[in-house]
Amino acid sequence: MKAYTTYHLPVDLPEGHPFPLYKYRGVAEALKGLLPLEPAPEVPKEALFLAHDPAYLEKVFGQGLSRKESLRLGLPFSPSFLRRALHAAGGTLMAALDALEGGLGLNLAGGTHHAFPDRAEGYSLFNDVAVAVAWLRRGGFSGRVLVLDLDAHQGNGTAVFFGQDPTVYTLSLHGERNYPLKKERSDLDVGLPDGVGDEAYLWALEEALEKAWSFRPHLVFYNAGVDVLKGDRFGRLALSLGGLARRDLRVYRFVKELGAALVVVMGGGYNRDPRLTVEAHATTYRLALSSLA
């Protein structure tokens, strides 16, 4: 068992930008000694072209994104951000291969669920889960896939990627009034009001998992965003650290009962207390190891 990390890859950001670059190093350091940490490899460009629109990719690798497109991304487009996005997607792809081989794969990055086939949005240049699924399909994997998205924001790009694919079930549990304002249609969307705490959230999760059970996936991608924590700058929900751990444990029990393989990707986390963001993400991975490894 190993985990893939992008903490070694710097990104050029304007001073004061809220992108939480700190957490990738912090989580990797928190997990040192528990399992080997490997630098995430760059995703094969061929894998990107299996999933994303070729004209979009040619723009990304050619002139790059325009100012308007960078505003939609939420970050200034730069070679350093492109490089990091390539490696983050590569980490998810490798974690997916690990999951099929051994039951569990871990990427200490990824979860870039706002990327559409033909455009970038919300810190998401490439949709790493869609790219990984496309690569697995090309390699002969034909099993059913569940994308379980528990980030505080709807996985709008992921919903569009798989909207016409009956072999992939998309489930998004998110803040109804949060970004993105225009929601796409997942197979199951559960929109929560602002300020939802532990018990109401876990009840909603339980109902959602019961509905997803009948799909009987062979492989689950878990977007384990921790922006659901109280105090997150962008999450608008109010889970405690204990509630978040209960969320993760319920997901892992669900996967174990299914007998499915699991890929964990990081997702969002922007707490006003950076230590909480790091501890919450690290706990998600520790619980995966103790529950499923």
Side-chain angles (χ1 to χ4, degrees), residues 4-21 24 38-97 107-139 147 151 153-165 168 170 179-182 184 221 223 265-268:
Y4 301 93
T5 178
T6 60
Y7 80 87
H8 57 293
L9 298 171
V11 177
D12 298 322
L13 293 172
E15 186 174 352
H17 194 281
F19 185 77
L21 197 59
Y24 300 97
E38 294 192 4
E42 185 173 309
V43 69
K45 286 187 180 178
E46 183 182 358
L48 296 175
F49 277 91
L50 291 173
H52 280 279
D53 181 80
Y56 169 65
L57 294 175
E58 287 163 7
K59 178 188 292 182
V60 168
F61 291 114
Q63 71 266 36
L65 301 186
S66 67
R67 177 175 172 78
K68 182 179 179 181
E69 290 165 329
S70 291
L71 287 173
R72 185 187 291 135
L73 174 63
L75 288 157
F77 182 81
S78 66
S80 65
F81 184 73
L82 171 58
R83 180 174 179 236
R84 189 188 177 283
L86 289 168
H87 286 266
T92 297
L93 190 154
M94 292 302 299
L97 294 173
N107 186 18
L108 310 187
T112 45
H113 57 171
H114 298 308
F116 284 72
D118 61 350
R119 67 182 187 270
E121 285 191 10
Y123 296 170
S124 303
L125 191 63
F126 306 123
N127 193 300
D128 59 309
V129 169
V131 170
V133 171
W135 188 259
L136 295 180
R137 294 293 192 225
R138 200 202 67 160
V147 183
D151 189 275
H153 307 94
Q154 194 215 28
N156 55 341
T158 303
V160 169
F161 263 103
F162 298 116
Q164 304 301 317
D165 188 343
V168 179
T170 52
Y179 176 91
L181 294 179
K182 179 185 181 298
E184 302 293 341
F221 285 86
N223 187 329
V265 295
M266 181 173 276

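Counting all heavy atoms, side chain and backbone alike, His52 lies closest to Phe126 at NE2-CA, 3.5 Å. Closest approach of Ala51 to Ala134, counting heavy atoms only: CB-CB, 4.2 Å. Scanning both residues, Tyr179 and Gly122, for their nearest heavy atoms gives OH-N, 3.4 Å. Closest approach of His114 to Gln154, counting heavy atoms only: CE1-O, 3.1 Å. Closest approach of Tyr4 and Asn107 over heavy atoms only: O-OD1, 3.3 Å. Across all non-hydrogen atoms, the minimal contact from Gly64 to Glu69 is O-OE1, 4.4 Å.
Side chains of Trp135 and Val43 form no contact here, defined as non-hydrogen atoms less than 4.5 Å apart. Contact of the Phe81 side chain with the Leu73 side chain is registered, since non-hydrogen atoms from C-beta on lie closer than 4.5 Å. Contact check for Leu48 versus Phe61: side-chain heavy atoms found under the 4.5 Å cut-off.
The CZ atom of Arg84 lies 11.0 Å from the OG atom of Ser78; values are rounded to the nearest 0.5 Å. Remark: Glu58 CD to Phe49 CZ distance equals 5.5 Å, nearest 0.5 Å. The CG atom of Leu57 lies 10.5 Å from the CG atom of Asp118; values are rounded to the nearest 0.5 Å. Separation of atoms CE (Met266) and OG1 (Thr5) is listed at 7.5 Å; rounding is to 0.5 Å. One finds the CG atom of Leu125 at 9.5 Å from the CG atom of Leu75 (value rounded to the nearest 0.5 Å).
Put simply, the side chain of Asp53 never gets that close to the backbone of Pro117: no donor and acceptor are under 3.5 Å apart. In this structure a side-chain-to-backbone donor-acceptor pair under 3.5 Å is missing from His113 to Ser124. Listed for the Asp151 side chain is a donor-acceptor partner under 3.5 Å among the backbone atoms of Gly268.
Surrounding CD of Gln164 are at most 12 heavy atoms belonging to other residues, nucleotides or ligands under 6.0 Å away.
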Task: Leu136 vs Leu97, side-chain contact (heavy atoms from CB on, under 4.5 Å): CA-CA, chis, key distance, verdict - done: CA-CA 8 Å; Leu136 295 180; Leu97 294 173; 3.6 Å; yes

- [ ] Mind running side-chain contact (heavy atoms from CB on, under 4.5 Å) on Val60 and Phe77 for me, showing each step along the way?
- [x] CA-CA 9 Å; Val60 168; Phe77 182 81; 4.2 Å; yes

- [ ] Under the ring-ring contact (aromatic ring centres under 6.0 Å, His included) rule, what do Tyr7 and His87 come out as? Steps first, then yes or no, please.
- [x] CA-CA 10 Å; Tyr7 80 87; His87 286 266; over 10 Å; no

TODO: Any chance you could lay out the side-chain contact (heavy atoms from CB on, under 4.5 Å) test for Val129 and Phe161, step after step, and finish with the verdict?
DONE: CA-CA 10 Å; Val129 169; Phe161 263 103; over 6 Å; no

Open item on the list: Please evaluate residues Val147 and Val168 with respect to the criterion side-chain contact (heavy atoms from CB on, under 4.5 Å), reporting the C-alpha separation (whole Å), side-chain torsions for both, the decisive distance (0.1 Å), and the verdict.
Closed with: CA-CA 7 Å; Val147 183; Val168 179; 4.0 Å; yes

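Screening Thr170, Asn127, Asp128, Thr112 for a side chain to side chain donor-acceptor pair (under 3.5 Å) with Thr158, the sole residue that qualifies is Asn127.
Between Phe19 and Tyr24, the ring-plane angle classifies as parallel under the 30° and 60° cut-offs.
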